[in-house]
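First up is the structure itself, then whatever we jot down about it.
Below, chains carry the letters A, B, ... as their sequence lines are ordered, and counting in each starts from 1. Keep in mind that this is a model prediction, so the values were computed, not measured.
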Amino acid sequence: LKISSLASAIGARAVSGTAVLADHEVHAGAALDAATEGAVAFYADARYQGALETTGASAVVVDETTLEALGDRPFARLVHPNPAAAFARVLEVLHPEPAAEAGVHASAVVEAGAEVDPSASVMAQAFVGAGARVGARTRLHPGAYVGPGAVVGADCVLGPRSVVAAGCVLGDRVRLQPVAVVGSDGFGYALDTDEDGTPMHRKIPQVGIVRVEDDVEIGACACIDRATTGETVVGRGTKIDNLVQVGHNSTIGPLSILCGQVGLAGTSRIGTGVILAGQVGVAGHLEVGDGAKVGAQSGIGGDVPPGATVSGSPAIPHRVWLRAALAFKEIPEILKRVRRLEKKVGGD
Amino acid sequence: LKISSLASAIGARAVSGTAVLADHEVHAGAALDAATEGAVAFYADARYQGALETTGASAVVVDETTLEALGDRPFARLVHPNPAAAFARVLEVLHPEPAAEAGVHASAVVEAGAEVDPSASVMAQAFVGAGARVGARTRLHPGAYVGPGAVVGADCVLGPRSVVAAGCVLGDRVRLQPVAVVGSDGFGYALDTDEDGTPMHRKIPQVGIVRVEDDVEIGACACIDRATTGETVVGRGTKIDNLVQVGHNSTIGPLSILCGQVGLAGTSRIGTGVILAGQVGVAGHLEVGDGAKVGAQSGIGGDVPPGATVSGSPAIPHRVWLRAALAFKEIPEILKRVRRLEKKVGGD
Amino acid sequence: LKISSLASAIGARAVSGTAVLADHEVHAGAALDAATEGAVAFYADARYQGALETTGASAVVVDETTLEALGDRPFARLVHPNPAAAFARVLEVLHPEPAAEAGVHASAVVEAGAEVDPSASVMAQAFVGAGARVGARTRLHPGAYVGPGAVVGADCVLGPRSVVAAGCVLGDRVRLQPVAVVGSDGFGYALDTDEDGTPMHRKIPQVGIVRVEDDVEIGACACIDRATTGETVVGRGTKIDNLVQVGHNSTIGPLSILCGQVGLAGTSRIGTGVILAGQVGVAGHLEVGDGAKVGAQSGIGGDVPPGATVSGSPAIPHRVWLRAALAFKEIPEILKRVRRLEKKVGGD
């Protein structure tokens, strides 16, 4: 593809470099430091200034400010106000997802009463249960499972061995990575005794569902529990990374980001545009307000106000935590100094 | 179902409300705040007093104390000493699990020498290996895997794409959520050198099994490693949440609760009725005594005595941890005050 | 098998005990404290001295030093400089992995254009995509998935329901535990707006691959994300435990150990022979130097120098952390003592 054509496709402006002109052809996306002839990279972070100097890319996506500062460079430029987003488009154009044949593979199982749109692809070994619905152009990769009565919208991608359990509902353009699990039972038990008076944990049947709204992505081996009754909701445009646990009856988003290995206990309420960094834990029945940011490995033990940035376990305002965390190693020294003072002063 | 009949079914006493009489019909369970006409809710926690005032439920499960304090309310009451457990029964009655047809689906694979009880359901794409046994009324959901020589008891439910690896043993009424993994290899290597003298981690073959006792439930993407030799044991009535890691040769329970994303290193000994909250980690070869409770995200680096409640990483008694955790943010301020004192007193 | 023959097979020297002679037969490996007649155990750690005194094993693997100190004991000895590694060989010999029939099971799906070595086993319900290659003697257990264009080397074992996604590359002797996931998409989004100006997270297509080198093992439900562009690399002989998350474009090893539930954010650079204990988190774009060791639950927020041992969140040198962690509980008491001093001295 010519750089100029790529520019049109992604809504950027093509500018020739000293060596590479705008009608040069490119064929792949790459990072600045790995890019070679024919590759397109992007620049959006001053940490990569060095890589920008030496890149072998044929074209680089930059913003106007960078363009002006660039001076003579061999590579062509694709000028766009949001280079990272434009690079996402570059990758879409140069590395299109392989087409999937519409229809149901001979080794797939579609139970009676299921409705699969004729434009959908139900690949090898996939399963669609009785009464389930699969929307237009949706792709069920090999071994994907759509349980009885579940509903999957249009243009979804269900990765290999992913699971949408019975009755759960996915909107449009939802992506499940391999082995993502939507609709496992919530973890609910009532302390009880059996007929002999022996204590037991009586399972509370989990009869609700998970509702996943449009444009959500759910990572590999992430588990979204169905509600005890009612719905667990993953709101529009929310992105959930691998190995995340979402407890029953939680509501998340829209547009929130849950990084790898985050865990939400039951009935968590995560607002709009929230960012939970990796391995964060949220205790049950709490609210994390709109736009809040939570640092990696933090433990949320109380409500977090909208817009707050918190860290630590239990979490406190990030800046307070940062100072305390840096001073943490001084505790033994402080103790020594207090003892010394007490000796001098005659502490009782 | 009439409220009075439901009461009989769950061992409760039906009491008419001002608007809803005991012969009114109900059809679903719901939370107090979401319940509408025809729904049954329960009340067992003073935090939900407000929801109890305004609920649209046709019937509410309450205990005698609540009943007496209730006064005039439209809804009928189901009176039971343990409302949460009684509500579990309500859900069982109003939302029965769909019946599963006995027999082996055409797309399932049952290897020669496997014994599947005729009353069991081996659904689409499930697998039962050579020499394995599947007990009466047990349901293997689509894609469930029972490895060669594995034994699954009666009345078990193996969720979609769950795995019981070769030789492992499940008791009766065991439930595996989707993609639960029983019998992955333990993580054991011996530092060694190969023929060239290059260092290597030599795999220690993991030739033991996992034994899961009766009434255990194991969550989605939870991984229970088989023993190096001998058995990893999950004791009777223990409940394990999603994404939990159980290292080889551990023994757990009976009746313990491991919340989401807990990790046990190898040879952990977790007693009876222990509660490990979310994301707790337990180092190898340690004992957590009967009835101990461990707070979320704690790190267990030493034995925990029976009945103890501990928190923190490394874990200390919960009340000590709580005070220290609250004071944590003061460290920088303490340091300042110590410096000030030293100036006054003439430190060292 | 005779103890003497076992000794030859594993490169050890057989020495008769007072009751068990070197031509006695053994049939299984076991732990010292569980071993009975016919079992072989090993001793390499003084914590198990007591078990060594009372073991019922017919033979025990020991080193020369232990042999000399042993005195009269009933069991035969297998003398080897590295008892743990020798015991690994004992288990290999006494508990060989069951042979797998070469060929493709009738229920497996091998797409057109895939190349499966005739000596490989593609078991029931496994999947090999178009253009993929499966090497000699490699075993795909039931339901294993090898995506289009993926390459799996020789002598690999892909556990039940494990996933090697499209285009990813495995070397020789790689082992995937059940439901290991190689090649899920990296978690990459660019903040953008849609046509209406509504904010959205635009997916950055993840068009790179994962390359897994020889002799790597990857645990159950561990997730290795493919690179945005280029490669995520798991280096030779690295061992990754269950439920570990490896972010896109990371490079690990060779010969590193990632324990259960470790999480690496994107572009982590983990050196040679590194050990990350359970539940460690590593923030993005950081380097952990060769031979570094990181304590359980630590949070790595900056580069770790080669050979360092660090702990804590954020991580600091382990010994510093240990002293501070022990003193942590004293913070409230320190605060009290500072107040007392201030009263005495007249702190303002």
What part of [X] gets within 4.5 angstrom of chain B, counting heavy atoms only: side chain, backbone, both, or neither?
X: C/Ala220; value: both
X: C/Leu243; value: side chain
X: C/Val338; value: both
X: C/Glu92; value: both
X: C/Leu258; value: backbone
X: C/Leu326; value: neither
X: C/Asp241; value: both

Measuring from atom [atom1] of [X] to atom [atom2] of [Y], what distance do you get when rounded to the nearest 0.5 angstrom?
X: C/Gln125; Y: B/Tyr145; atom1: CD; atom2: OH; value: 9.5 Å
X: C/Arg236; Y: B/Met200; atom1: CZ; atom2: CE; value: 9.5 Å
X: B/Ile204; Y: C/Phe42; atom1: CD1; atom2: CZ; value: 6.0 Å
X: B/Thr193; Y: C/Asn82; atom1: OG1; atom2: CG; value: 8.0 Å
X: B/Gln245; Y: C/Asn242; atom1: CD; atom2: CG; value: 4.0 Å
X: B/His285; Y: C/Arg47; atom1: NE2; atom2: CZ; value: 5.5 Å

Please list, one pair per line, the donor and acceptor atoms closer than 3.5 Å that link side chains of residues 29-39 of chain C to other protein atoms, with sequence neighbours excluded.
residue : atom : partner : partner atom : Å
C/Glu37 : OE1  : C/Ser58 : OG           : 3.4
C/Glu37 : OE2  : C/His24 : NE2          : 3.0

Who among [options] has the most heavy-atom pairs with chain C under 4.5 Å?
options: B/Ala283, B/Gly208, B/Pro199, B/Gly312; result: B/Pro199
options: B/Gly147, B/Gly230, B/Gly143; result: B/Gly143
options: B/Ala222, B/Gly263, B/Ala265; result: B/Gly263

Please tabulate, for side-chain N and O atoms in residues 180-192 of chain B, each donor-acceptor pair with protein atoms closer than 3.5 Å (sequence neighbours left out).
residue  : atom : partner  : partner atom : Å
B/Ser184 : OG   : B/Asp225 : OD1          : 2.7
B/Asp185 : OD2  : B/Lys203 : NZ           : 2.8
B/Asp185 : OD2  : C/Gln177 : NE2          : 3.3
B/Tyr189 : OH   : C/Glu217 : OE1          : 2.8
B/Asp192 : OD2  : B/Arg202 : NE           : 2.7
B/Asp192 : OD2  : B/Arg202 : NH2          : 3.2

Check your understanding: Under 3.5 Å, is there a donor-acceptor pair between the side chain of C/Gln261 and the main chain of B/Gln261?
Key ->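 Here the side-chain-to-backbone pair exists.
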Point to revise | Side chain, backbone, both or neither of B/Ser298 within contact of chain C (heavy atoms, under 4.5 Å) | key: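 Answer is backbone: N, CA, C or O of B/Ser298 sit under 4.5 Å from chain C.
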Review point. With only heavy atoms counted, which part of B/Val262 is less than 4.5 Å from chain C, the side chain, the backbone, both or neither?
Key: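 Contact with chain C involves the backbone of B/Val262 alone.
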Check your understanding: What residue in C/Pro178, C/Pro142, C/Cys259, C/Gly237 has the most heavy-atom pairs under 4.5 Å with chain B?
Key ->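 It is C/Pro142.
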Point to revise | B/Arg269 atom CZ, neighbour heavy-atom count above 12 within 6.0 Å | key: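 Counting neighbours around CZ of B/Arg269, more than 12 heavy atoms of other residues, nucleotides or ligands fall under 6.0 Å, so yes.
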Point to revise | B/Val109 side chain reached by C/His105 side chain, heavy atoms, under 4.5 Å | key: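 Contact flag for C/His105/B/Val109 side chains = yes.
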Review point. Are the side chains of B/Thr228 and C/Leu91 in touch, meaning some heavy atoms are under 4.5 Å apart?
Key: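 Side-chain contact under 4.5 Å: yes.
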Point to revise | C/Leu255 versus B/His201, closest heavy-atom pair with distance | key: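 In terms of heavy atoms, the two residues are closest at O-NE2, 2.9 Å.
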Practice item. Could you tell me which non-hydrogen atom of B/Val280 sits nearest to which non-hydrogen atom of C/Gln297, and how far apart they are? Key: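 For B/Val280 and C/Gln297, the tightest heavy-atom pair comes out as C-NE2, 4.3 Å.
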